[in-house]
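Notes for the one structure printed next.
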Amino acid sequence: MTGTAVTETVVPARAAWSAVVRAGETLTLTDLHGNQAVDFLVYDAHDTAVRYSAPDTIHVQGSVFLTTGSVLLSNEHTPLMRVVADEVGRHDTVGGACSKESNTLRYGHHTWSQHACVDNFLAEGAKYGLGKRDLVSNINWYMNVPVEKDGTLGIVDGISAPGLALTLRAERDVLVLVSNCPQINNPCNGFEPTAVRMTIGAAFQGDAP
């Protein structure tokens, strides 16, 4: 679903990754081994004060799940990226990023030393002058967080499989931060984090939504 690859990177289990994706280019995420959550933040590459907004995105989609055709909106209600292809069918916007604090609250103080997505975001964001105040509610690609009729939700076994991919097109120059989730205390990674592949393509080929 991409044009000629500009870059292709295999992100190891538990690792962080970042890149600037230029307007019109695509970013394809491939779940190499299946059932691996990928935490994701996106900013305007030229003004990082403009960044992904979960409330704006959810409001416009009319759904807490993302799939083909979903537009990732900024806090200025402007498009950052669009999902142009999706082999999984549903991705989470409400589960958030794991942290040392949330791990200890949910799973016990013995998890304090475990690496977490917030650590990855802070380390990777620091390369671009971003800090803790710049972390907002994130997207969790591939993570399965069903919402019950009474509003309760939980993190359950994923619905992805080895080799399944999704592709986003940049609607402007964007900075993408990724945490290849290291969580081992719930089923979001099948209790065994694995590698994913990030491919930046020159341009989307085909009829974009």
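Every heavy atom of this structure was used, including side-chain atoms; hydrogens, water molecules and symmetry mates were not. Fair warning: this is a prediction, and the values are worked out from it, not measured in the lab.
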Nearest 0.5 angstrom please: Asn189 CG to Asp157 CG, how far?
11.5 Å
Tightest non-hydrogen contact, residues Ser74 and Asp56, listed as O-CG, 3.6 Å
Checking side chain to side chain contact (heavy atoms under 4.5 Å, CB included) for the pair Tyr52/Thr57: CA distance, chi angles, key distance, verdict?
CA-CA 8 Å; Tyr52 170 71; Thr57 299; 3.3 Å; yes
Would you give the length of the straight line joining atom OG of Ser160 to atom CE of Met143, rounded to the nearest 0.5 angstrom?
13.5 Å
Any Asn140 side-chain heavy atom under 4.5 Å of Val38 side chain:
no
When rounded to the nearest 0.5 Å, the distance separating CZ of Phe40 from CE of Met81 is 5.0 Å
Please check if the side chain of Asp92 supplies one atom and the backbone of Val94 the other of a donor-acceptor pair under 3.5 Å.
yes
Is it true that Leu73 and Val176 fall in one hydrophobic cluster, defined by side-chain heavy atoms closer than 4.5 Å?
no
Glu25 side chain to Gly201 backbone, donor-acceptor under 3.5 Å:
no
Between the side chains of Tyr128 and Ser18, is a donor N or O closer than 3.5 angstrom to an acceptor N or O?
yes
Taking Asp134's backbone N and O only, do any of them form a donor-acceptor pair with Tyr43's side chain (distance below 3.5 Å, no angle check)?
yes
Between Asp44 and Arg51, does any NZ, NE, NH1 or NH2 come within less than 4.0 Å of an OD or OE carboxylate oxygen?
no
Does Trp141 belong to the same Ile/Leu/Val/Met/Phe/Trp/Tyr cluster as Val174, with side-chain heavy atoms less than 4.5 Å apart forming each link?
yes
Minimal heavy-atom distance between Leu122 and Gly131, with the atoms involved, is CD2-C, 3.9 Å
Could you check whether any side-chain heavy atom of Gln114 comes within less than 4.5 Å of a side-chain heavy atom of Asn185, counting everything from C-beta outward?
yes
Does some side-chain heavy atom of Val50 sit less than 4.5 Å from a side-chain heavy atom of Arg172?
yes
More than 12 heavy atoms of other residues, nucleotides or ligands under 6.0 Å from NE2 of His59: yes or no?
no
Would a 4.5 Å heavy-atom cut-off, applied to side chains only, mark Val118 and Lys100 as touching?
no
Pair Thr9, Arg197 - check side chain to side chain contact (heavy atoms under 4.5 Å, CB included), show working.
CA-CA 6 Å; Thr9 305; Arg197 184 170 63 236; over 6 Å; no
If I take atom CG from residue Leu27 and atom OG1 from residue Thr7, how far apart are they, to the nearest 0.5 angstrom?
8.5 Å
Any sub-3.5 Å donor-acceptor pair from Gln61's side-chain atoms to Val71's backbone N or O?
yes
Are Leu29 and Val6 joined in one hydrophobic group, where the rule is that I, L, V, M, F, W and Y side chains link up if heavy atoms are under 4.5 Å apart?
yes
Side chains of Glu192 and Asn35: do they bring a donor and an acceptor to under 3.5 Å?
no
Checking Thr30 against Leu164 for the side chain to side chain contact (heavy atoms under 4.5 Å, CB included) test, could you report, in this order, the C-alpha distance in whole Å, the side-chain angles of both residues, the deciding distance, and whether it holds?
CA-CA 6 Å; Thr30 305; Leu164 295 189; over 6 Å; no
For the backbone of Ala15 and the side chain of Asn180, can you confirm whether one donor and one acceptor N or O come within less than 3.5 Å of each other?
no
Tell me yes or no: between the side chains of Ser179 and Arg14, is some donor less than 3.5 Å from an acceptor?
no
Sub-4.5 Å side-chain heavy-atom contact between Arg82 and Leu168:
no
Please check this pair: side chain of Gln36 against backbone of Cys181, looking for a donor-acceptor N/O pair closer than 3.5 Å.
yes
About how many Å separate SG of Cys117 and CG of Leu135, when rounded to the nearest 0.5 Å?
11.0 Å
Going by side chain to side chain donor-acceptor pair (under 3.5 Å), Asp86 matches just one of Thr67, Thr68, Thr167. Which one?
Thr67
Okay, side chain of Thr194, backbone of His33: is any donor-acceptor separation there less than 3.5 Å?
no
Run Val196 and Val10 through side chain to side chain contact (heavy atoms under 4.5 Å, CB included) and show every step you take.
CA-CA 6 Å; Val196 296; Val10 173; over 6 Å; no
Please tell me whether His91 and Phe65 form a close aromatic pair, meaning their ring centres lie under 6.0 Å apart.
no
Connected via hydrophobic side-chain network under 4.5 Å: Tyr142 and Trp17
yes
Set of residues satisfying side-chain contact (heavy atoms from CB on, under 4.5 Å) with respect to Asn186, sequence neighbours excluded:
Tyr107, Ile155, Gln183, Cys188
Is it the case that one hydrophobic cluster holds both Leu72 and Phe121, taking links as side-chain heavy atoms less than 4.5 Å apart, direct or via other members?
no
The single option from Thr28, Val21, Val20 passing side-chain contact (heavy atoms from CB on, under 4.5 Å) against Ile200
Val21
Quick one: are Pro162 and Leu32 in side-chain contact, heavy atoms under 4.5 Å?
no
